[in-house]
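Written below as structure tokens is the structure these notes are about.
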Amino acid sequence: MKFNLNLSMAFIASAMVAVSACGGSGGSESASSEGTTAPPPPPVEEISLEEKYKDDPIFIKGSELMGQNDCPSCHMLERKIVGPSYADVAAKYESTDENVELLAGRVIAGSVGTWGEIPMPAHPTLSEEDAKDLAKFVLLLKK
């Protein structure tokens, strides 16, 4: 009997979900046949981060620095490869002076553990100013 009760309740719940998903409330048939429903909104066009920030001086300088260093071998703007995407880092950290210092320090000294067990190698020849510019570039890329 208990099995039948559970099965019955599952059937009733499934039927309720199906009716609500189909829009079955009884009186909606006349409204939809008269054409009073609003058309669906147009799809939101997503713009790439490159397009969004192409004229920003921080983005321009950061892109140049990224290209001059080995950053693209492990990171991409919006997709994870070896390390996190720049957009993922920007989503995790607010753009504050403290976080710029923190990230610049990690770029220079290297780090491991924040994004998994694959270490980011140290970049000791990178100047502190360039490392901060890279961090500002990354933190700019919030979606």
In Å and rounded to the nearest 0.5 Å, what is the [atom1] to [atom2] distance from [X] to [Y]?
X      : Y      : atom1 : atom2 : answer
Thr125 : His123 : OG1   : NE2   : 8.0 Å
Leu65  : Cys71  : CG    : SG    : 8.0 Å
Leu134 : Leu103 : CG    : CG    : 10.5 Å
Glu98  : Tyr93  : CD    : OH    : 13.5 Å
Leu49  : Lys54  : CG    : NZ    : 13.5 Å
Leu141 : Asp56  : CG    : CG    : 9.0 Å

**Item:** Verify same cluster id: Leu102, Leu140 (apolar side-chain graph, 4.5 Å)
**Value:** yes

**Joint hydrophobic cluster, Met66 plus Val100, side-chain heavy atoms closer than 4.5 Å** = yes

Search all heavy atoms of [X] against all heavy atoms of [Y] and return the closest pair with its distance.
X      : Y      : result
Leu139 : Lys142 : O-CG, 3.9 Å
Val112 : Glu117 : CG2-O, 3.4 Å
Val138 : Ala90  : O-CB, 3.2 Å
Ala122 : Ala109 : CB-O, 3.3 Å
Ala87  : Glu78  : CB-CA, 4.4 Å

So do the side chains of [X] and [Y] get within less than 4.5 Å of each other, counting heavy atoms only?
X      : Y      : result
Lys136 : Asn99  : no
Leu77  : Glu50  : yes
Met120 : Val107 : yes
His75  : Tyr86  : yes

**Pi-cation contact, Trp115 with Lys92 (under 6.0 Å, within 45°)** = yes

**Message:** Looking at Glu64 and Lys61, is any side-chain nitrogen of the basic one under 4.0 Å from a carboxylate oxygen of the acidic one?
**Reply:** no

**Request:** Identify whether the distance between the nearest side-chain nitrogen and carboxylate oxygen of Glu128 and Lys132 falls below 4.0 Å.
**Result:** yes

**Asked** Is there a donor-acceptor contact under 3.5 Å linking the side chains of Ser85 and Asp88?
**Response** yes

**Message:** Run Gln68 and Asp130 through side-chain contact (heavy atoms from CB on, under 4.5 Å) and show every step you take.
**Reply:** CA-CA 11 Å; Gln68 294 168 0; Asp130 283 350; 5.8 Å; no

**Request:** Please work out whether the ring planes of Phe59 and Phe137 are parallel, tilted or perpendicular, with thresholds of 30° and 60°.
**Result:** tilted

**Asked** Counting heavy atoms not belonging to Ile118, are there more than 12 under 6.0 Å from its CD1?
**Response** no

